[in-house]
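Comments concern the structure below.
Heavy-atom basis, side chains included; hydrogens, waters and symmetry copies ignored.
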Amino acid sequence: MTQWSDYDVMVIGGGHAGIEAASAAARMGRATLLLTQSLDTLGALSCNPAIGGIGKGHLVREIDALGGLMGTIADAAAIQGRLLNRRKGPAVRATRIQADRLTYRSVTHTAIFGQPNLQLFQDEAEALRVENGACRGVITRGGRVLRGKTVILTAGTFLAGRVHIGEKSYPAGRASDPAAARLAEHIRDLGLNMGRLKTGTPPRLDARTVQFDRLEAQKGESPLPRFGRFRPAPPPLRQVACHIAHTNPKTHEIIRDGIPCSPMYTGAIEGPGPRYCPSIEDKVVRFAHRDAHQIFLEPEGLDSMEIYPNGISTSLPLDVQIRAVQSIAGLEEARITRPGYAIEYDFLDPRSLHPWLEVRAVPGLFMAGQVNGTTGYEEAAAQGLIAGVNAALRCAESEPWYPMRHEAYTGVMLDDLVTTGLTEPYRMFTSRAEHRLGLREDNADLRLTPTARTLGLIDESRWAAFESFREDLEAERAYIHATRIYPNALSETEEDALGGTLRSPQSIAELMRRPSLGYRELVAIAGDDRRPPESVIEQLEVEARYAGYLERERAEAGRLRRYADVVIPQECDYEAIDGLSNEVRQRLIQQRPHTVGQASRLPGVTPAAVSLLLVHLRRRGWLRFPRTQEGEPG
């Protein structure tokens, strides 16, 4: 590429969505430009210094399985790691990495600047070039006209962004960065359906003023959990502990007294915020019966003197923030280095998008990340990758690709966004996926890496490592299904290990479904000496434990598909349905879905809730199937 050649894919914004979009398009061989206000902030962790968590870790594993960057960078920057929900089943276990901010940004720069087919340029996009109804490039603040076949907008919170601290507010994309005001005005002039949302961040604390010895330490795990399964492990960084503090009645009193100055309650902020990550003032109001809320004190990095107090996001005036922080045990002498703030910004109604994130009304224009109404690094990065892939496919005049709900959490998110839209910033949860037993972190590569290979997203070494694993796994699967253990060949010790006498011959695969039996024990009883890689053994054991549940899940999914077109009468009284959570009941009352299928796709409406709805419809005599042309139940 020359400096100002026509580009195949142009990406506006260097946040997590922009990085994944630009990298994906470039890996697929497309001439790509990443345009950002500041090259220095590429890979910045704008909010908390952590990647992953419940639901979010699943997205990162899927990004990694598709050759994306987020998991690689997080592993390289890890200063603490934990596998959450370890006591629960593998389907809801999730990796969370505490990252060193400077290392995260440095590794991002190395990856992006070293990516073939990708150019970077620092300038502000002020308008899109739209010709004959299609997007064909960008016009920058410097007056340069950049031509491209497709454009991906990943503006984050920068479109008409406005920061609020108490009664003060000012335009900004985030603290110390200018808002994209002219681009926001231009997007609205295109006639797209835009709205306003709000998110926030807590104050940062001077670590030297925190009394850590009075707080509960939370250490990471060893060995360190990783997102990357088929990549060499990066050199480990020094591991550190997080700490836990708690608010108290005095803290809540200070916050309640300051609420008249909070822009959330004065009407200064119009857009709704994330319900599942509320500000501390919102927590105090909504959960007035609670005397305390947990705060996780997360180090910003190995060489940083700042602490991120996860759990007290706020837009209260700075003097109230100081008094509230210093009312907490262990933080009596704490000094705030940066105030917490709320930020309000423009977003596109995601129902205006195709599932592959192309704007329906403007062919060639893709949008990804918070500009589509989501919240979180992981949700943004997953969207960015999908947008980058499909912008590249569009340039090749190929059919779009995106995962379906049963294939990936990314597919769940895409379907939720474009089908039902949102009334608040969208966050991924495992409960959103009706197929979550099959959408585990451990099988993300098996689900998605073959597709990544077909799309050209992963290199030869990555594919060779995956193929080696898959061949070993298939060989061991065949072995455990073919190898049977016979009752008359067992010793007393072996019978005890199996939990009692076998009544009939059973395969190792069948016996592995028992919680107390593992691959190694059963292979030994069978008299064999097989030693596959540990990763293969772990995969086999998880698959065995879930085999019965997956069969039931598939049956339940088939049942729900059968009932998808059943009409819900508009007079249906959702308040009368026993067992529904308040959230689900509120969502159904608000949306009034026409069919059971529409109800099942509403955010937060779980398969269990759909089952309760079906029971209610049956009891009321409303469970009537639509008729097909043949006159049989559909």
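Applying the ring-ring contact (aromatic ring centres under 6.0 Å, His included) definition to pairs two or more places apart or across chains, those involving residues 215-234 are F230-F466, F230-F469. Applying the salt bridge (Lys or Arg N to Asp or Glu O under 4.0 Å) test to pairs two or more places apart or on separate chains, those with a residue in residues 373-383 are K56-E378, K56-E379.
Applying the salt bridge (Lys or Arg N to Asp or Glu O under 4.0 Å) test to R477 and every residue at least two apart in sequence or in another chain returns E543. For Y409, the ring-ring contact (aromatic ring centres under 6.0 Å, His included) test picks out H58, with sequence neighbours left out. With sequence neighbours excluded, no residue forms a ring-ring contact (aromatic ring centres under 6.0 Å, His included) with H616. The salt bridge (Lys or Arg N to Asp or Glu O under 4.0 Å) test applied to R453 returns E460, not counting sequence neighbours.
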Using the rule given for side chain to side chain contact (heavy atoms under 4.5 Å, CB included), can you reason through V523 versus Y479, listing the C-alpha separation, both sets of side-chain angles and the distance that settles it, and then say yes or no? CA-CA 10 Å; V523 168; Y479 165 75; 3.8 Å; yes
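Between D529 and R531 there is a salt bridge, since a side-chain N of the basic residue sits under 4.0 Å from a carboxylate O of the acidic one. With respect to D64 and R462, a salt bridge is recorded, a charged nitrogen being found less than 4.0 Å from a carboxylate O. Ion pair D442/R440 flagged as a salt bridge, since at least one NZ, NE, NH1 or NH2 atom sits closer than 4.0 Å to an Asp/Glu carboxylate oxygen.
Side-chain atoms of S581 and R585 form no donor-acceptor pair, as typed in the model, at a separation below 3.5 Å. Checked by atom type, the side-chain pair T419/D415 shows a donor-acceptor distance below 3.5 Å.
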